[in-house]
Amino acid sequence: MKTRFIRAITLGAIFSAAAASAQTPPPTAPAVQKGTVMTAQANGTFDVKVKPLPEDEKVAGVKVGRLSIDKEWKGDMVGTSKGEMMTTGGEVKGSAGYVAVEIMDVTLAGRKGTFTLMHHATMKGDADFKMLIVVVPDSGTGDLKGISGALTIIIEGKNHSYKFDYTLPESK
């Protein structure tokens with residue numbers, strides 16, 4: 001199960017990277033005026049440690065793996081995150097899925113705070129991979145209150161990077 005999950009995440013990141021590189025980059029953020037929202041993109045790398053979690057109560061017939069996620073973020077977004085992931089595989093080799101909740105404790109554009117990311121990904125075979133990682137609405141705290149956005153994970157070999165398209169209310 002763990003090997004299938006790691007393979008699914010790696011393949012997913014590769015497909016996400018290919019899709020992301022095919023997209024037109026977003027326009028440069030306009031000058032922020034009072035009462036407006038800042039739109040920007042953060043890019044960088046991260047290191048990740050994934051560990052199996054002990055099994056709690058099992059639901060009969062449900063094949064689920066649980067893992068902890070610890071990351072260190074570098075680049076335009078600096079800080080750490082912690083999360084929990086649930087994985088499952090299908091009966092066909094290469095078919096899998098995961099969901100995760102990840103609490104970010106970062107500095108972004110000079111603003112410090114926390115927010116929560118929600119992950120959802122599925123893979124069918126080696127080619128059909130779909131991943132969605134978004135900010136949970138109203139989860140921002142501190143200077144990141146009001147943040148929204150979507151994160152793309154890119155894995156090339158053993159290197160992990162990210163592209164985070166986000167919006168933030170004007171800083172006070």
Side-chain angles (χ1 to χ4, degrees), residues 1-29 38-53 65-90 93-136 139-140 144 147-168:
M1 175 77 74
K2 183 177 177 184
T3 302
R4 191 181 315 171
F5 164 73
I6 299 296
R7 183 170 177 249
I9 295 301
T10 301
L11 287 172
I14 291 168
F15 291 119
S16 293
S21 66
Q23 296 174 356
T24 305
T28 306
M38 175 179 74
T39 300
Q41 184 180 85
N43 295 281
T45 62
F46 65 94
D47 298 319
V48 61
K49 292 179 185 172
V50 179
K51 294 185 260 181
L53 290 171
R66 289 181 52 231
L67 304 155
S68 68
I69 310 166
D70 289 294
K71 293 180 184 168
E72 183 178 346
W73 299 85
K74 303 167 191 166
D76 297 333
M77 181 166 59
V78 177
T80 60
S81 64
K82 293 189 176 295
E84 185 170 331
M85 178 182 295
M86 292 177 63
T87 67
T88 190
K93 183 179 178 181
S95 292
Y98 86 88
V99 294
V101 175
E102 184 173 11
I103 309 301
M104 309 291 289
D105 186 357
V106 297
T107 299
L108 177 64
R111 297 167 70 169
K112 174 98 175 103
T114 66
F115 60 91
T116 303
L117 290 176
M118 178 69 68
H119 299 233
H120 176 268
T122 58
M123 183 173 83
K124 181 175 179 173
D126 292 338
D128 185 16
F129 188 83
K130 297 174 183 152
M131 179 185 278
L132 178 64
I133 305 173
V134 297
V135 175
V136 173
S139 65
L144 298 177
I147 192 169
S148 63
L151 183 102
T152 301
I153 293 175
I154 303 154
I155 301 176
E156 296 169 335
K158 293 186 178 189
N159 299 316
H160 295 77
S161 59
Y162 66 88
K163 180 171 59 170
F164 182 38
D165 294 306
Y166 66 94
T167 60
L168 272 169

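Quick note: numbers below take in every heavy atom, side chains included, and nothing from hydrogens, waters or symmetry partners. Treat the numbers as computed from the prediction; the structure is a model and nothing was measured.
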**OP:** Go through the structure and list residues passing salt bridge (charged side-chain N to carboxylate O under 4.0 Å, His left out) with Glu72, not counting sequence neighbours.
**Re:**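 Per chain and number, Glu72 pairs via salt bridge (charged side-chain N to carboxylate O under 4.0 Å, His left out) with no residue.
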With sequence neighbours excluded, what pairs up with [X] under the side chain to side chain contact (heavy atoms under 4.5 Å, CB included) test?
| X | value |
| --- | --- |
| Thr167 | Val37, Thr39, Ser148 |
| His119 | Lys71, Tyr98, Ala100, Glu102, Leu117, Ile133, Ile153 |
| Thr107 | Lys112 |

Give, for atom [atom1] of [X] and atom [atom2] of [Y], the distance between the pair rounded to the nearest 0.5 Å.
| X | Y | atom1 | atom2 | value |
| --- | --- | --- | --- | --- |
| Leu132 | Lys130 | CG | NZ | 12.0 Å |
| Leu53 | Met86 | CG | CE | 10.5 Å |
| Thr152 | Gln41 | OG1 | CD | 8.0 Å |
| Met104 | Ser81 | CE | OG | 5.0 Å |
| Thr80 | Asp70 | OG1 | CG | 8.5 Å |

Nearest heavy atoms of [X] and [Y], plus distance in Å:
| X | Y | value |
| --- | --- | --- |
| Gly94 | Met123 | O-CE, 2.8 Å |
| Phe46 | Ser161 | CE2-O, 3.5 Å |
| Val48 | His160 | CG1-NE2, 3.8 Å |

Original post:
Between the main-chain N or O of Asn43 and the side-chain N or O of Asp76, is there a donor-acceptor pair closer than 3.5 Å?
Top reply: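 Yes; at least one donor-acceptor contact below 3.5 Å.
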Original post:
Under the 3.5 angstrom rule, does the side chain of Ser139 hit a backbone N or O of Thr116 as a donor-acceptor pair?
Top reply: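 It does hold such a pair.
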Original post:
Is any NZ, NE, NH1 or NH2 atom of the basic residue among Asp47 and Lys74 found under 4.0 Å from an Asp or Glu carboxylate oxygen of the other?
Top reply: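 Between Lys74 and Asp47 there is a salt bridge, with a charged N closer than 4.0 Å to a carboxylate O.
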Original post:
Is there side-chain contact between Thr87 and Leu67, with at least one heavy-atom pair below 4.5 Å?
Top reply: yes
Subject >> Note, Val106 side chain near Leu144 side chain (heavy atom, < 4.5 Å) >> reply: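 Contact flag for Val106/Leu144 side chains = yes.
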Subject >> Partner set under ring-ring contact (aromatic ring centres under 6.0 Å, His included) for Tyr162, not counting sequence neighbours >> reply: Trp73
**OP:** Using the test ring-ring contact (aromatic ring centres under 6.0 Å, His included), find all partners of Phe164 that sit at least two apart in sequence or belong to another chain.
**Re:**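 Here the qualifying residues are Phe115, Tyr166.
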